Amino acid sequence: MTKPPRIGVVGSSNVDVVTYVERMPVWGETIAAPRFEMSFGGKGANQAVAAAKLGAEVVMVSKVGADLLGANVLENFAALGVDTRHVGRVENQTTGTATILVNPAGENFILIVKGANGDLSRADVEAAGDDLAACDLILLQLEVPLDTVYAALEFGKRRGVRTVLNPAPALRTLDPAKVRLASFVAPNETELAILTGLPVESEDDVAAAAKRLLAEGIETVIVTLGARGSLLATPEGLKRIPPVKVEAVDTTGAGDAFIGSFARYFAGGLGLEAALARATRYAADSVTKRGAQKSFATEAEFERL
Ligand code: RIB
C-alpha cells in the first residue's frame with residue numbers, strides 16, 4: 001500500500017451555529033426559521049477534516065478556548081484521526097464561532113467571532129516546525145492573525161514544503177510580497193478582485209486577473225468559481241475545470257471541501273488537473289448536504305459516487 005499523503009493545516013477551528021431560514025430577515029424584523037444546527041467548522045479545520053476523511057495524515061496547528069466548545073472541537077478532530085498535538089487551549093478565551101444563516105438556495109451569511117483563533121501565533125508555527133516540515137503540503141487561510149499566516153508561508157519557503165494559500169475570508173491588507181511565497185494561491189472571485197484590484201465581472205476579467213497574479217510571481221493560481229467550476233492558471237497557460245452540476249442545499253464549507261480534497265489528491269500523486277477535477281466533484285457532493293464538515297464524504301463514500 002502507498003503511504004498516505006501528509007497535510008499540515010495552520011488555521012482556524014470554529015463551532016458553527018447555523019439557522020436555516022426561508023428568507024433573510026431585514027433590520028429590526030423578527031422571523032421564525034424552520035431549522036437550527038450546531039456543527040464543527042472553521043476554514044482551517046474544515047480543510048483539515050476534508051483531507052483526513054479522504055485518508056490523508058493531517059496535522060492541525062490551531063487554538064481553541066479552554067471551554068466546552070474547545071473540548072468538543074478536540075474530540076471531533078481525534079475521532080476523525082486529525083493530529084491535535086499542536087492544537088492549543090487558551091484560558092479565558094472562547095472557542096471561535098461562526099453564526100450562519102442559510103437560505104433555501106443554500107447560500108449563506110457568516111458572522112465570525114475569532115476567539116482563540118486570534119491567539120494562534122508565529123511561535124505556534126515554529127513549535128510545530130518538525131511536524132510541518134514532514135508534510136507534503138501546508139494549507140493556510142485568513143481566519144487566524146496575518147502574521148501567523150506569513151510565518152507559515154516563510155516556513156514553507158525556508159524548509160522546502162509547498163504551501164496553499166486560500167485567501168479567505170477576503171482581506172484588503174494582505175502583503176503581496178508574502179502572498180508570493182505561496183506555491184498555490186486559491187482565491188474565489190471576490191478574493192481575486194481584492195488581491196489584484198481588477199474587475200472579475202466576466203470570464204475574460206477573471207482570466208486577466210489570474211494572469212496578473214502569475215505576472216506578479218505566483219507559481220500557480222486556482223480560482224474557484226462556485227457553480228461555474230474553477231480556473232487553473234500556470235505559466236504554461238489557463239485551463240478551465242468544468243463544474244459538476246448538483247442541487248445545492250447548503251454551500252457552507254464547499255470552498256474548504258475543494259481545497260482539502262485538492263490537497264489530499266495532489267499530495268497523493270495526482271496531477272494538478274486530475275486533482276482539481278476530483279476536488280470539484282468532492283465539493284459538489286458537499287453542497288448537497290447540510291453543514292460544513294458533516295457534509296464531507298469519507299474516502300469510501302466518495303469512491304462510491
Ligand atoms: O468556510 C466555511 C466556514 O467559514 C464555516 O465553517 C465557518 O466556521 C467559517 O469559518
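When a ligand or atom number is given, it counts from 1 through the structure's own listing order. This structure is a prediction, so every number in the text was calculated from the model and none was measured. Just so you know, residue 1 is the first one in the sequence shown, and it goes up from there.
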Taking the side chain as everything from C-beta on, heavy atoms only, tell me whether Leu80 gets closer than 4.5 Å to Phe40. no

Under 3.5 Å, side chain of Ser12 to main-chain N/O of Lys43, donor-acceptor pair present? yes

Can you spot which of Val18, Asn108, Ile110, Val21 makes a side-chain contact (heavy atoms from CB on, under 4.5 Å) with Leu101? Val21

Pull out every atom of ligand 1 sitting under 4.0 Å from any heavy atom of Gly253, numbered as shown with elements. 2 (C)

When you measure from the centre of the six-membered ring of Tyr20, is the NZ or CZ of Arg290 under 6.0 Å away and within 45° of the axis? yes

Is there a donor-acceptor contact under 3.5 Å from the side chain of Asn46 to the main chain of Asp256? no

Atom 8 (O) of ligand 1: closest protein heavy atom, distance to 0.1 Å, is Asp16 OD1, 2.5 Å

Lys53 vs Glu301, salt bridge (charged side-chain N to carboxylate O under 4.0 Å, His left out): CA-CA, chis, key distance, verdict: CA-CA 10 Å; Lys53 281 191 168 183; Glu301 288 163 347; over 6 Å; no

Which of the numbered atoms in ligand 1 are below 4.0 angstrom from a heavy atom of Ala98? 7 (C), 8 (O)

Close-contact set for ligand 1 against Gly41 heavy atoms, below 4.0 Å: 6 (O), 8 (O)

For atom 10 (O) of ligand 1, what is the closest protein heavy atom, and at what distance to 0.1 Å? Glu143 OE2, 2.6 Å

Has Asp67 got a side-chain atom pairing as donor or acceptor with Thr95's backbone, closer than 3.5 angstrom? yes

Is it true that Gly42 lies under 4.0 Å from ligand 1, counting heavy atoms only? yes

Any idea which protein heavy atom is nearest atom 4 (O) of ligand 1, and the distance to it? Lys43 NZ, 3.2 Å

Over 12 foreign heavy atoms within 6.0 Å of CD, Glu29: yes

What residue and heavy atom of the protein are closest to atom 3 (C) of ligand 1, and at what distance? Asn46 ND2, 3.7 Å

Residue and atom name of the nearest protein heavy atom (relative to atom 2 (C) of ligand 1), distance in Å to one decimal: Asp256 OD2, 3.3 Å

Under 4.0 Å from one or more heavy atoms of Ile112, ligand 1 contributes atoms 9 (C), 10 (O)

Evaluate Thr252 for polar contact with ligand 1, using N/O atom pairs at a separation under 3.5 Å. no

